[in-house]
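Here is the structure we will look at, set down as structure tokens.
Because the structure is a prediction, the values reported are computed rather than measured.
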Amino acid sequence: LKRANPELEEHIVLIRALRDSNLPKFLHDDVPLFMSIIQDLFPGVEIPNVDYGRLQESIEFEMDKAKLQPVPSYVAKIIQLFETMLVRHGVMVVGL
């Protein structure tokens with residue numbers, strides 16, 4: 001993360017690493033609690049969102065091609081799976 005974004009401050013890199021590595025594991029109802037804990041640990045810090053531009057466009061294009069609706073939460077889960085596969089050797093998808 002730091003090598004890809006050398007301009008980011010250390011605490012932002014830490015928050016993004018915590019968020020990006022843990023968020024995909026949580027159920028939908030647990031996300032606000034986790035984000036609240038992050039805000040409590042780092043009060044007043046604004047966490048920048050990552051622009052997935054071409055990746056997101058490609059996902060939505062392929063979903064349209066497969067006659068699926070590009071629901072934002074579903075697209076976000078696909079991006080989370082992609083991010084997880086970049087940093088882990090093995091990945092298991094459980095549930096729906």
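- In summary, Arg54 and Glu57 do not engage in a salt bridge, as defined by a charged side-chain N under 4.0 Å from a carboxylate O.
- Of all non-hydrogen atoms in Pro24 and Arg19, the two that sit nearest each other are CD-O, 4.2 Å.
- Within 6.0 Å of CE on Met35 lie more than 12 heavy atoms contributed by other residues, nucleotides or ligands.
- Val50 and Leu81 fall into different hydrophobic clusters, where Ile, Leu, Val, Met, Phe, Trp and Tyr residues are linked whenever their side-chain heavy atoms come under 4.5 Å apart, directly or through other members.
- For the atom pair NZ (Lys77) and NE2 (His28), the distance works out to 10.0 Å, reported to the nearest 0.5 Å.
- Gln39 is linked by a side chain to side chain donor-acceptor pair (under 3.5 Å) to nothing, counting only residues two or more places apart in sequence or in another chain.
- Considering CD1 of Ile79 and CD1 of Ile59, their distance stands at 4.5 Å, rounded to 0.5 Å.
- Leu18 and Asn22 get closest at one heavy-atom pair: O-ND2, 2.9 Å.
- Taking all atoms of both residues into account, the shortest heavy-atom contact from Val71 to Met63 is N-CE, 4.4 Å.
- Distance check, rounded to the nearest 0.5 Å: CE of Met92 to OG1 of Thr84 gives 13.5 Å.
- Pairs passing the salt bridge (charged side-chain N to carboxylate O under 4.0 Å, His left out) check and including a residue from residues 21-38, sequence neighbours excluded, do not occur.
- Partner of Ile38 under the side-chain contact (heavy atoms from CB on, under 4.5 Å) criterion, out of Leu14, Ile15, Leu33: Ile15 alone.
- Hydrophobic cluster membership is shared by Val31 and Phe34, with clusters built from Ile, Leu, Val, Met, Phe, Trp and Tyr side chains linked at under 4.5 angstrom.
- Cluster annotation: Phe61 is not connected to Val75 through the hydrophobic network of ILVMFWY side chains, with a link wherever side-chain heavy atoms come within less than 4.5 Å.
- Atoms CZ and CD, from Phe26 and Gln80 in turn, are 10.5 Å apart once rounded to the nearest 0.5 Å.
- For Tyr74, the OH atom sits in a loose shell: 12 or fewer heavy atoms of surrounding residues, nucleotides or ligands are nearer than 6.0 Å.
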